[in-house]
Amino acid sequence: MKGVAKNSLTAVIEIGATGIRLTVAQLDKSGNWAVIDKAERFVALGRDVFTTGELSRESATLCLTVLNDYKELLKCWRLEPADVQVIATTAFRRAKNRDIIRDRIFLKTGFSVRVIDGIEENRLMYLSVKYALGDNYNQFFSENSIIMDIGGGSTEVMLLQKGKMVSAHSLSLGTVFIENQAQAMMGSEKYIKRYLQEYIRNTSENFSKEMPFSQITHFVGTGSEMAFVAKKCGTEKNDYFSVILRKDFEEFVDKLLSYTTDENVRRLGITYTEAETLLPALLTYKLFITQTSTEYILVTNLSIREGLLISLTSGPDDSTQEEFYSQVVASAINLGNRFKFDENHSLFVTNFALALFDFLKEDHGLNRHSRLLLEIAGILHDIGSYIRADDHHLHSCYIINNSDIFGLGKDDMSVISLVAGYHRGNEPSVSDSRFNEIPRNDRVQVLKLSAILRIADAMDRSHTQKITKYNFEKKQDFLVINTSGNHDLTLEQFALTEKGLLFQSVFGYKVILV
């Protein structure tokens with residue numbers, strides 16, 4: 001992602017399933033931001049994709065028209081397409097012809113569209129929620145919580161246990177999909193409600209392995225539909241979030257559901273397009289809320305566009321970024337718990353690997369994000385033992401590559417899965433199709449991180465964490481690991497001989513355990 005200069009203007013465009021939205025913001029030298037202009041146009045991209053699997057020619061043309069209109073608007077702010085972050089969500093993600101449409105957009109408008117996955121949406125939503133709650137965040141997230149955003153094409157869900165991320169999910173459930181289901185059933189409201197009840201019941205049961213919905217006491221809803229309800233029956237707490245009592249929310253939704261679409265348009269002063277998304281979204285929120293023990297709903301009026309602004313203005317050493325990384329780690333540990341990993345061994349290996357990574361800073365030239373990927377790979381490197389001890393590294397690679405971890409996209413998960421997969425057995429090689437298919441820079445990263453993780457895993461070959469104190473020294477072409485104590489390290493010495501060859505090849509040091 002391209003960064004933006006401080007003390008400048010920038011803009012974010014979000015191409016969603018139901019509309020294309022623009023936010024223009026002013027950034028100052030301290031990294032703070034303030035929204036100074038907004039625009040929104042309803043474009044039913046999701047209706048095409050969820051029906052035919054592709055964006056139609058008519059929708060693509062309308063999309064180009066809107067983007068060119070935004071381009072002219074941005075000229076008033078002296079912003080060029082290169083100054084704008086353009087992200088696309090579910091509709092583009094699922095469109096079979098997305099690449100050719102992205103190319104046409106770039107050629108016709110100059111905007112470069114980045115298609116983000118559901119986990120990236122979760123990350124941006126989390127940043128916006130944390131920013132909106134401000135000093136109230138710790139108060140509201142001291143117990144079990146859920147953050148939910150029901151969009152046009154998907155529903156993003158995050159579960160937090162006493163402020164720590166348990167899991168993040170992107171569900172194939174959105175207002176456009178629900179609307180399509182209603183049309184297929186000739187508008188049968190009873191069918192839609194029954195369908196949603198069954199879907200949500202099954203979802204909550206699946207999530208109960210991570211955190212039972214009945215134990216959730218804090219519910220955070222985002223999106224324009226929830227913001228609409230907050231204005232009608234909520235209490236504003238600051239410029240960015242409001243609180244709605246659960247009983248007030250349920251009464252308001254039940255009242256809307258008792259009216260026809262025409263009556264809601266007239267009574268609420270909204271368009272038919274807005275009414276078609278408002279009712280299914282609120283019904284879905286209500287059905288999820290009934291599964292929880294919450295007494296009130298927190299509603300933020302910030303979106304993933306503001307989340308992207310926060311991401312752009314947060315420096316790599318910013319405390320917010322470090323707190324975010326801690327949530328990524330918490331999500332990874334929860335994934336390990338689901339597969340009954342050996343936590344003591346995994347954390348020893350992880351801490352040793354991170355200490356070695358920090359010691360070799362001048363040798364590997366990798367950044368803070370690479371350190372995070374190594375940390376996650378260390379936590380999960382033995383997760384495949386849940387399937388079978390033999391070849392468990394291959395099973396670890398498979399499980400990680402097919403799992404979601406909060407805050408990490410598919411490219412990150414691909415790197416982590418390979419690093420974990422190479423902690424034993426064969427070394428990374430272009431003869432391995434999984435390794436050969438990733439970009440060159442990622443291959444170099446996998447080589448370096450795998451070499452470090454193999455050394456760390458060798459240091460606890462017995463899975464008993466005998467080594468409690470250690471330090472590193474460089475002596476000519478040797479890396480010396482000094483340890484203290486009288487433990488028998490025969491197994492570790494043997495494992496180091498076996499696993500140290502990749503490290504010697506990558507970094508040029510032969511490893512000696514003293």
Side-chain angles (χ1 to χ4, degrees), residues 117 119-120 123 168 325 328-329 331-336 338-339 341-342 345-347 349-354 356-357 360 363-460 495 498-507 511:
D117 58 28
I119 295 301
E120 173 70 355
R123 183 182 79 88
Y325 282 156
V328 178
V329 172
S331 180
I333 290 175
N334 183 70
L335 178 62
R338 285 169 55 193
F339 289 93
F341 76 142
D342 182 345
H345 169 71
S346 293
L347 294 183
V349 170
T350 300
N351 291 330
F352 193 100
L354 294 178
L356 184 54
F357 179 95
L360 295 170
D363 295 279
H364 57 61
L366 299 175
N367 59 21
R368 177 67 179 85
H369 187 72
S370 295
R371 189 181 190 275
L372 175 67
L373 302 188
L374 175 62
E375 186 171 5
I376 304 306
I379 291 169
L380 300 175
H381 74 282
D382 273 353
I383 197 174
S385 297
Y386 180 83
I387 297 176
R388 193 174 63 180
D390 292 345
D391 295 330
H392 69 265
H393 56 297
L394 301 179
H395 301 309
S396 295
C397 181
Y398 175 82
I399 291 173
I400 295 169
N401 207 35
N402 289 276
S403 298
D404 286 333
I405 294 177
F406 167 75
L408 298 176
K410 293 187 181 301
D411 291 342
D412 286 338
M413 294 299 287
S414 178
V415 168
I416 292 168
S417 68
L418 288 172
V419 173
Y422 288 128
H423 84 270
R424 70 188 292 267
N426 294 332
E427 298 176 357
S429 168
V430 292
S431 63
D432 184 343
S433 60
R434 300 167 306 163
F435 180 72
N436 199 37
E437 287 171 359
I438 63 176
R440 179 185 177 280
N441 288 342
D442 284 347
R443 291 202 296 270
V444 173
Q445 183 175 213
V446 167
L447 279 167
K448 293 177 179 179
L449 298 184
S450 299
I452 293 172
L453 185 60
R454 286 168 83 97
I455 298 297
D457 188 54
M459 291 301 96
D460 192 34
E498 177 188 359
K499 295 189 174 187
L501 296 178
L502 177 62
F503 188 91
Q504 185 173 346
S505 174
V506 172
F507 295 108
V511 184

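What's counted below: heavy atoms across the whole structure, side chains too, no hydrogens, waters or symmetry copies. We number each residue from 1, following the sequence as shown.
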(message) For Gly421 versus Cys397, what's the shortest heavy-atom pair and its separation?
(response) CA-CB, 4.1 Å

(message) Checking Leu372 against Leu408 for the side chain to side chain contact (heavy atoms under 4.5 Å, CB included) test, could you report, in this order, the C-alpha distance in whole Å, the side-chain angles of both residues, the deciding distance, and whether it holds?
(response) CA-CA 10 Å; Leu372 175 67; Leu408 298 176; 4.2 Å; yes

(message) Check Lys499 with Asp457, please: is the shortest side-chain N to carboxylate O separation under 4.0 Å?
(response) yes

(request) Show your reasoning for whether side chain to side chain contact (heavy atoms under 4.5 Å, CB included) applies to Asp442 and Ser414. (result) CA-CA 9 Å; Asp442 284 347; Ser414 178; over 6 Å; no

(message) Could you check whether any side-chain N or O of Ser331 sits under 3.5 Å from a backbone N or O of Ile405, counting only pairs where one atom can act as donor and the other as acceptor?
(response) no

(request) Quick one: do Arg368 and Tyr325 satisfy side chain to side chain contact (heavy atoms under 4.5 Å, CB included)? Show the steps, please. (result) CA-CA 10 Å; Arg368 177 67 179 85; Tyr325 282 156; 3.4 Å; yes

(request) Using atom types as modelled and distance alone, determine if a side-chain donor or acceptor of Ser505 lies under 3.5 Å from a backbone N or O of Leu501. (result) no

(request) Could you tell me which non-hydrogen atom of Val419 sits nearest to which non-hydrogen atom of Ala377, and how far apart they are? (result) CG1-CB, 3.7 Å

(message) Can you give me the closest heavy-atom contact between Thr350 and Ser346, atom names plus distance?
(response) OG1-O, 2.7 Å

(request) Take atom CG of Asn426 as the centre, draw a 6.0 Å sphere, and report whether it contains more than 12 heavy atoms from other residues, nucleotides or ligands. (result) no

(message) Please report the interatomic distance CD(Gln445) to CG(Leu374), rounded to the nearest 0.5 Å.
(response) 9.5 Å

(message) Considering only residues two or more places apart or on different chains, which pairs with a residue in residues 432-453 satisfy ring-ring contact (aromatic ring centres under 6.0 Å, His included)?
(response) none

(message) Are Phe341 and Leu335 packed together at the side-chain level, in the sense that at least one heavy-atom pair is separated by less than 4.5 angstrom?
(response) no

(message) With a 4.5 Å cut-off on side-chain heavy atoms, are Arg371 and Leu354 touching?
(response) yes

(request) Assign the ring pair His381 / His423 to parallel, tilted or perpendicular, where the plane angle (0 to 90°) is split at 30° and 60°. (result) perpendicular

(request) Before giving the answer on side chain to side chain contact (heavy atoms under 4.5 Å, CB included), spell out for Asp412 and His369 the whole-Å C-alpha distance, their side-chain angles and the decisive distance to 0.1 Å. (result) CA-CA 10 Å; Asp412 286 338; His369 187 72; 3.1 Å; yes

(request) With rounding to the nearest 0.5 Å, note down the distance linking CD1 in Ile438 to CG in Asp411. (result) 9.5 Å

(request) Count the heavy atoms belonging to other residues, nucleotides or ligands that lie under 6.0 Å from OH of Tyr398, then report whether that count exceeds 12. (result) no

(request) Measure the CZ-NZ distance between Phe357 and Lys448 for me, rounded to the nearest 0.5 Å. (result) 9.5 Å

(message) Is it the case that the side chain of Ser396 and the backbone of His392 share a donor-acceptor pair, with hydrogens and angles ignored and the cut-off at 3.5 Å?
(response) yes

(request) Could you tell me which non-hydrogen atom of Phe507 sits nearest to which non-hydrogen atom of His364, and how far apart they are? (result) CE2-CB, 3.7 Å

(request) Using the test salt bridge (Lys or Arg N to Asp or Glu O under 4.0 Å), find all partners of Asp382 that sit at least two apart in sequence or belong to another chain. (result) none

(request) Kindly compute the distance separating CG (Asn351) from CG (Leu356), expressed to the nearest 0.5 Å. (result) 12.5 Å

(request) Measure the CG-OG distance between Leu447 and Ser429 for me, rounded to the nearest 0.5 Å. (result) 9.5 Å

(message) Measuring from atom CD1 of Ile387 to atom CG of Leu394, what distance do you get when rounded to the nearest 0.5 angstrom?
(response) 10.0 Å

(request) Over all heavy atoms of both residues, which pair between Met413 and Ile400 is shortest? Give the atoms and the distance, please. (result) CE-O, 3.1 Å

(message) Tell me whether Arg454 contacts the main-chain N or O of Gly425 through its side chain, where contact means a donor paired with an acceptor under 3.5 Å.
(response) yes

(message) A cation-pi test, strictly: NZ or CZ of Arg434 under 6.0 Å from the centre of the six-membered ring of Tyr422 and no more than 45 degrees from its axis. Yes or no?
(response) yes

(request) Taking all non-hydrogen atoms of both residues into account, name the closest pair between Gly336 and Ile383 and its distance. (result) CA-CD1, 4.2 Å

(request) Answer whether the closest heavy-atom distance between the side chains of Phe339 and Leu380 falls below 4.5 Å. (result) no

